[in-house]
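One structure is given below, encoded as structure tokens.
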Amino acid sequence: MLHILVLSISNATAGQMAHGFMDYFTNERAQIYSAGLEPQEINTTVIDSMDVVGIDISDYSSNHIDDYKKIPFDYIITLGENIASRIPHSICNKASIIEFPISNIEELNNGDEGAFAKARKKIQAYCEEFIESELKKIEKTKAIKKVKKKLKKKKKQD
């Protein structure tokens with residue numbers, strides 16, 4: 001199973017949105033986590049903002065990146081600027097790191113509802129595109145391996 005970490009500074013706003021959309025779009029075909037470098041309590045406006053699109057994140061928690069040291073991530077998606085350089089090596093050892101800049105992060109942290117709607121649309125589009133393209137690649141690779149295994153088995157029988 002694919003392991004994806006959404007990483008932000010506070011894990012209180014945009015990171016929670018991305019976590020919710022990633023969960024939704026993977027439909028249990030991947031394990032999604034979110035964390036912050038300096039986690040804060042989840043902004044209640046983000047919960048309301050995600051409810052608008054039918055995604056319930058009310059039971060999510062804001063975790064510290066160190067909580068996930070033992071998980072072998074395939075991808076770490078950073079939300080914000082200059083975050084990738086702050087990821088502990090023990091966590092990003094084998095992961096592909098993808099930077100996704102959010103330009104209005106300060107507005108989100110201040111609870112601006114208009115900023116939430118704007119960010120939500122941008123994050124939703126990004127997450128949907130990312131999951132669709134990455135899961136297709138992985139599923140294609142698995143299908144190819146399965147065919148090769150069958151051919152190899154058949155060749156041994158002949």
Side-chain angles (χ1 to χ4, degrees), residues 1-139 142:
M1 180 175 277
L2 199 62
H3 291 83
I4 300 170
L5 174 65
V6 176
L7 180 64
S8 58
I9 298 293
S10 69
N11 194 30
T13 55
Q16 295 297 327
M17 284 185 190
H19 184 168
F21 282 120
M22 291 281 187
D23 269 343
Y24 179 79
F25 291 125
T26 60
N27 195 25
E28 299 181 6
R29 295 177 291 168
Q31 184 65 48
I32 311 299
Y33 306 84
S34 65
L37 295 170
E38 301 164 15
Q40 298 172 8
E41 187 175 325
I42 297 173
N43 186 313
T44 56
T45 307
V46 78
I47 295 169
D48 297 338
S49 182
M50 292 300 285
D51 276 342
V52 168
V53 294
I55 297 175
D56 180 11
I57 63 167
S58 61
D59 64 343
Y60 284 16
S61 59
S62 183
N63 301 313
H64 193 277
I65 191 169
D66 288 341
D67 296 344
Y68 300 122
K69 284 183 178 178
K70 295 182 180 183
I71 297 172
F73 291 107
D74 298 290
Y75 296 97
I76 298 175
I77 299 171
T78 64
L79 296 165
E81 296 179 12
N82 303 318
I83 295 175
S85 64
R86 296 176 58 190
I87 302 172
H89 182 71
S90 61
I91 291 177
C92 67
N93 197 12
K94 295 180 182 179
S96 295
I97 299 172
I98 300 167
E99 296 183 79
F100 178 58
I102 299 289
S103 59
N104 62 341
I105 202 86
E106 288 303 317
E107 293 171 342
L108 291 177
N109 290 336
N110 292 331
D112 183 300
E113 290 182 35
F116 275 93
K118 183 178 177 182
R120 184 185 65 233
K121 287 177 186 174
K122 185 177 180 181
I123 292 168
Q124 178 179 356
Y126 174 80
C127 292
E128 185 172 16
E129 182 181 311
F130 173 81
I131 291 301
E132 187 175 310
S133 73
E134 291 309 309
L135 286 180
K136 278 185 181 178
K137 284 181 201 174
I138 289 164
E139 288 167 357
K142 285 181 181 178

### Query
Donor-acceptor pair, Arg120 side chain versus Ser49 backbone, under 3.5 Å?
yes
### Message
Using side chain to side chain contact (heavy atoms under 4.5 Å, CB included), reason through Ile55 and Ile57 one step at a time and then give a plain yes or no.
### Response
CA-CA 6 Å; Ile55 297 175; Ile57 63 167; 4.0 Å; yes
### Message
For Glu128, give me all partners under side-chain hydrogen bond (donor to acceptor under 3.5 Å, both in side chains), at least two apart in sequence or on another chain.
### Response
none
### Message
Given 3.5 Å as the limit, does a donor-acceptor pair link the side chain of Ser61 with the main chain of Asn63, or not?
### Response
no
### Query
Taking C-beta and beyond as the side chain, do Leu37 and Ile83 meet within less than 4.5 Å on heavy atoms?
yes
## Note on the structure
What one should report as the nearest heavy-atom pair of Leu79 and Gly15 is CD1-CA, 3.4 Å
## Note on the structure
Note: His3 and Pro72 closest approach over all heavy atoms is CB-O, 3.8 Å
#### Entry: From Met50 atom CE to Thr45 atom OG1, the distance as rounded to the nearest 0.5 Å
13.5 Å
### Query
Does some side-chain heavy atom of Ile77 sit less than 4.5 Å from a side-chain heavy atom of Leu5?
no
### Task
Could you tell me whether the side chain of Ile91 reaches within less than 4.5 Å of the side chain of Lys69, counting heavy atoms only?
yes
### Query
Which heavy atom of Pro39 sits nearest a heavy atom of His64, and at what distance?
CD-CD2, 3.4 Å
### Task
Quick one: list whatever passes ring-ring contact (aromatic ring centres under 6.0 Å, His included) with Tyr24, sequence neighbours left out.
none
### Message
Are Thr78 and Ile98 packed together at the side-chain level, in the sense that at least one heavy-atom pair is separated by less than 4.5 angstrom?
### Response
no
### Query
Just checking, any donor-acceptor pair under 3.5 angstrom between side chains of Asn11 and Ser34?
yes
### Task
Show your reasoning for whether side chain to side chain contact (heavy atoms under 4.5 Å, CB included) applies to Met22 and Ile131.
CA-CA 7 Å; Met22 291 281 187; Ile131 291 301; 3.4 Å; yes
### Query
Any side-chain heavy-atom pair from Ile65 and Pro88 closer than 4.5 angstrom?
yes
### Query
What is the distance from atom OG of Ser90 to atom OH of Tyr68, rounded to the nearest 0.5 Å?
14.5 Å
### Query
Tell me, do Val46 and Ile42 make a side-chain contact under 4.5 Å, heavy atoms counted?
yes
### Query
Is Glu38 salt-bridged to Arg86, cutoff N-O under 4.0 Å?
yes
### Query
Do the two ring centres, one from Tyr75 and one from Phe130, sit under 6.0 Å apart?
yes
### Check: Phe73 ring centre within less than 6.0 Å of Tyr33 ring centre
yes
### Query
Taking side chain as C-beta onward, heavy atoms only, is Phe116 less than 4.5 Å from Asp48?
no
#### Entry: Distance, nearest 0.5 Å, that separates CD1 of Ile47 from CE of Met17
11.0 Å
### Task
List the steps and the verdict of side chain to side chain contact (heavy atoms under 4.5 Å, CB included) for Tyr60 and Asp23.
CA-CA 11 Å; Tyr60 284 16; Asp23 269 343; 2.6 Å; yes
### Summary
Heavy atoms of Met1 and Glu28 approach each other most closely as CE-O, 3.5 Å
### Task
Enter the distance from Ser58:OG to Gln16:CD here, rounded to the nearest 0.5 Å.
11.0 Å
### Task
Check the pair Thr26, Ile32 against side chain to side chain contact (heavy atoms under 4.5 Å, CB included), reporting the backbone distance first and the verdict last.
CA-CA 9 Å; Thr26 60; Ile32 311 299; 4.0 Å; yes
### Query
With no hydrogens and no angle check, is any side-chain donor or acceptor of Ser62 less than 3.5 Å from a backbone partner on Gln40?
yes
